[in-house]
Protein chains: 2
Amino acid sequence: MTKGEETRQFIIEKAAPIFNIKGIAATSMSDIMEATRLSKGSMYVHFENKDVLACAAVDHNIKVLGDKLLSKLSKCKTAKEELFTYIDFFSNAVHPPLTGGCPLLNFGTEADDTNPIVKEKVNKGINFNQQLLEKSITKGINNGEFKPNWNAADFATVVFAMMEGGHLISRMSSNNDKMQIITKTLKNIIEENSL
Amino acid sequence: MTKGEETRQFIIEKAAPIFNIKGIAATSMSDIMEATRLSKGSMYVHFENKDVLACAAVDHNIKVLGDKLLSKLSKCKTAKEELFTYIDFFSNAVHPPLTGGCPLLNFGTEADDTNPIVKEKVNKGINFNQQLLEKSITKGINNGEFKPNWNAADFATVVFAMMEGGHLISRMSSNNDKMQIITKTLKNIIEENSL
DNA sequence: CTTTAAAATGACCGAACGGTCATATAATGC
DNA sequence: GCATTATATGACCGTTCGGTCATTTTAAAG
């Protein structure tokens, strides 16, 4: 990795949590300068403008979160274990895997009506999550862990939606109680569909 | 209502959808000037600064949405009707009741780590929704519509979380299919708990 | 109608914004 | 070690930001 690539990566890593916490619009290039201790000119050597940097930061946040999740999932043996691991991974909304909370929720709501590029990145991230869940369920059905008539795609959507909704509720109240109701409910449904 | 109060209200009504669509940070006073066709000085007669106007716009968005919902709910006879009406009211995320989507989601994620006042407004809005749902369920249990062992508070949380999560998914994909899975699932659970 | 207070105006302010560029420095290939 | 290219710097630019204020216009009260 050349010096330039190293610096570019360094900027992204410093910028990513700031964008996730403050949002794209509310984050200034000065914020990134302060965090990286780099000059303004240097930032523009590696990113042609703020939008490009913001996009790179969005990508990085989503990727880091996905990698952490995949790392946990790779240690699972059964499909049920995978689903429980997924739920547990996101179960603490007050102290979530990424500072600032879920980037799909944060960037998604901000980009919604204003930034189609970021919106599409978030959409892909959501689909990735749902497909992960669906694969685990299908795997569990195929190997006899789960009831064969369970609708994998539908439950994948339900899990993702409930976790994101619970995330919102618990972050707004700075209290994880409601998120625990969500995780408990989801785990009960999984148990009901286990053989 | 005096002229001043009228103008203040007029500004709020014009500003509210802009804040809901663009977010607080990305909305400028110039945006509001353009929408209201009022001078900058006039804005500051009625609002001491942008934060105060933004708070008023957040309040207004949440109130308008709540009023629309309560209006629909007031026409319901049974508890089950109330729950179905709640779900149907939010069932179209691509063309939601408020332009820009759910203000609790929009302002909540933006305010999360940066604006404790707005965050608390959103928190109150979430609690209001959950309590509405819980009351309907409790009412249905008490009048024999629903199974007596149904956990009203828990299901209220589940409904709200799933609707918000479904809202996010469907808005990011600009497609309501996933939201329909959510509503179908919720209605099924309600039917299962009906007597 | 007159008086007085409230509301509306737009020029103006300093600060912060995103972005540029000549210059200086450091890394890289020969 | 030298030449060349890539990277880093910070002063600088035009624009927009949130916000102020003297002045004018309008509404409200007597």
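Atoms considered below: every heavy atom in the structure, side chains included; atoms not considered: hydrogens, waters and symmetry mates. Within every chain, numbering begins at 1; the chains are lettered A, B, ... in the order of the sequence lines, protein sequences first and strands thereafter.
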*Asks:* Give me the residues of residues 29-45 of chain B where at least one heavy atom lies under 4.0 Å from an atom of DNA chain C, by number, or none.
*Replies:*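 Going residue by residue through residues 29-45 of chain B, the ones with a heavy atom under 4.0 Å of DNA chain C turn out to be B:Leu38, B:Ser39, B:Gly41, B:Ser42, B:Val45.
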
*Asks:* Any salt bridge between B:Glu191 and B:Lys187, counting N to O under 4.0 Å?
*Replies:*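 No, B:Glu191 and B:Lys187 are not salt-bridged.
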
*Asks:* Can you tell me the distance, in whole Å, between the NE2 atom of A:His46 and the C1' atom of C:dG18?
*Replies:*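 After rounding, the reported distance stands at 18 Å.
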
*Asks:* With sequence neighbours left out, write down each residue that passes ring pair (Phe, Tyr, Trp, His ring centres under 6.0 Å) with B:Tyr86, or none if nothing qualifies.
*Replies:*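 Testing B:Tyr86 for ring pair (Phe, Tyr, Trp, His ring centres under 6.0 Å), a comparison that skips the adjacent residues, returns B:Phe90.
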
*Asks:* To the nearest angstrom, how far is B:Lys3 atom NZ from C:dA7 atom P?
*Replies:*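 Taking atom P of C:dA7 as the reference, NZ of B:Lys3 is at 9 Å.
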
*Asks:* Would you kindly compare B:Thr2 and B:Ile24 by the position of their nearest DNA chain D nucleotide and give the one closer to the 5′ end?
*Replies:*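 Here B:Ile24 is the residue nearer the 5' end.
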
*Asks:* When you compare the side chains of B:Gln180 and B:Ser91, does any donor N or O come within less than 3.5 Å of an acceptor on the partner?
*Replies:*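 On atom types as modelled, these side chains do not qualify, holding no pair under 3.5 Å.
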
*Asks:* Under the salt bridge (charged side-chain N to carboxylate O under 4.0 Å, His left out) test, which residues partner B:Lys3, sequence neighbours left out?
*Replies:*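 By the salt bridge (charged side-chain N to carboxylate O under 4.0 Å, His left out) rule, B:Lys3 matches no residue at all.
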
*Asks:* Which residue, B:Thr7 or A:Thr27, contacts DNA chain C at a nucleotide closer to its 5' end, judged by nearest heavy atom?
*Replies:*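 Closest to the 5' end, via its nearest nucleotide, is B:Thr7.
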
*Asks:* Quick check for you: name the first and last nucleotides of DNA chain D, 5' to 3', having an atom under 4.0 Å from a heavy atom of chain B.
*Replies:*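 With heavy atoms of chain B under 4.0 Å away, the range is D:dC17 to D:dA28.
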
*Asks:* On DNA chain D, does the nearest nucleotide to B:Met1 precede the nearest nucleotide to B:Ala25 from the 5' side, or the other way round? Give the residue.
*Replies:*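 Closest to the 5' end, via its nearest nucleotide, is B:Ala25.
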
*Asks:* Taking the basic N atoms (NZ, or NE/NH1/NH2) and the acidic carboxylate oxygens, is any pair closer than 4.0 Å for A:Lys72 and A:Asp88?
*Replies:*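 The answer is no: the pair does not qualify as a salt bridge.
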
*Asks:* Applying ring pair (Phe, Tyr, Trp, His ring centres under 6.0 Å), can you list everything that pairs with B:Phe84, at least two apart in sequence or on another chain?
*Replies:*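 With sequence neighbours excluded, B:Phe84 shows a ring pair (Phe, Tyr, Trp, His ring centres under 6.0 Å) to no residue whatsoever.
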
*Asks:* For A:Thr78, enumerate each residue passing the side-chain contact (heavy atoms from CB on, under 4.5 Å) test, keeping only those at least two apart in sequence or located in another chain.
*Replies:*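 For A:Thr78 the side-chain contact (heavy atoms from CB on, under 4.5 Å) partners, ignoring immediate neighbours, are A:Lys80, A:Glu81, A:Glu145.
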
*Asks:* Could you give the CD-to-P distance, from A:Glu48 to C:dC21, as a whole number of Å?
*Replies:*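 A:Glu48 atom CD is separated from C:dC21 atom P by 14 Å.
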
*Asks:* Does a side chain donor of either B:Lys119 or A:Ser174 reach within less than 3.5 Å of an acceptor in the other side chain?
*Replies:*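 Yes, A:Ser174 and B:Lys119 have a side-chain donor paired with an acceptor closer than 3.5 Å.
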
